[in-house]
Amino acid sequence: MQHKNNELLHTEKIIADRKTFYLDLKKNARGKVVKITEDVGGNRDTIMIPADILGDFIAALTDIQETSDNDE
């Protein structure tokens, strides 16, 4: 059972080669965050993104994707 102070609202999973990415939208006492975890053979790295800047984060990733696509 999820503790109320760290409530999981939504989760997504992306598998790419030997990596698995978990994207979890969580809510805690300070607000909503997106927790992004990369799992490579059991080794995990995690970053937390405040939900209120998620639009900026997605815009930056979109710009990076467009640059990458244009280089091909």
Side-chain angles (χ1 to χ4, degrees):
M1 184 170 110
Q2 285 287 332
H3 191 273
K4 194 65 176 169
N5 289 337
N6 201 13
E7 182 181 356
L8 180 62
L9 303 174
H10 187 92
T11 189
E12 295 287 338
K13 179 178 175 181
I14 300 169
I15 299 173
D17 278 336
R18 60 186 190 94
K19 295 183 180 189
T20 303
F21 296 93
Y22 300 93
L23 294 87
D24 300 323
L25 176 62
K26 294 186 168 201
K27 183 177 181 180
N28 60 31
R30 295 185 350 207
K32 293 179 184 175
V33 296
V34 176
K35 176 182 172 187
I36 301 175
T37 302
E38 173 193 40
D39 184 313
V40 182
N43 295 318
R44 290 183 170 217
D45 290 305
T46 299
I47 62 169
M48 305 290 272
I49 303 164
D52 60 348
I53 66 158
L54 195 52
D56 295 333
F57 198 84
I58 292 169
L61 288 173
T62 300
D63 288 346
I64 289 169
Q65 181 183 20
E66 289 172 358
T67 300
S68 176
D69 291 347
N70 289 336
D71 285 347
E72 292 179 358

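Quick caveat: nothing in here was measured; it's all calculated off a predicted structure.
Rounding to the nearest 0.5 angstrom, the gap separating the CG atom in Asn43 from the CD atom in Glu38 is 9.5 Å. To the nearest 0.5 Å, atoms CZ (Arg44) and OG1 (Thr46) are separated by 7.0 Å. Between the CG atom in Asp71 and the CD atom in Glu66 there is a gap of 12.0 Å [rounded to 0.5 Å]. Taken to the nearest 0.5 Å, the CD1 atom of Ile36 stands 3.5 Å off from the CD1 atom of Ile49. A distance of 11.5 Å separates CG in Asn28 from NZ in Lys35, rounded to the nearest 0.5 Å.
Hydrophobic clustering of Ile, Leu, Val, Met, Phe, Trp and Tyr side chains at less than 4.5 Å, counting indirect connections, unites Ile47 with Leu23. Both Ile58 and Val34 sit in one connected hydrophobic cluster of ILVMFWY residues. Membership requires side-chain heavy atoms under 4.5 Å apart, directly or through other members. Linking ILVMFWY residues whenever their side-chain heavy atoms come closer than 4.5 Å, directly or via other members, places Ile53 and Leu9 in the same cluster. Both Phe21 and Leu61 belong to a single network of hydrophobic side chains, linked directly or stepwise wherever heavy atoms of I, L, V, M, F, W or Y lie under 4.5 Å apart.
With Thr67 contributing its side chain and Asp63 its backbone, the two residues share a donor-acceptor pair below 3.5 Å. When atom types are taken as modelled, the side chain of Asp24 and the backbone of Lys26 share no donor-acceptor pair closer than 3.5 angstrom.
Among all heavy-atom pairs drawn from Leu8 and His10, the shortest one is CD1-O, 3.5 Å.
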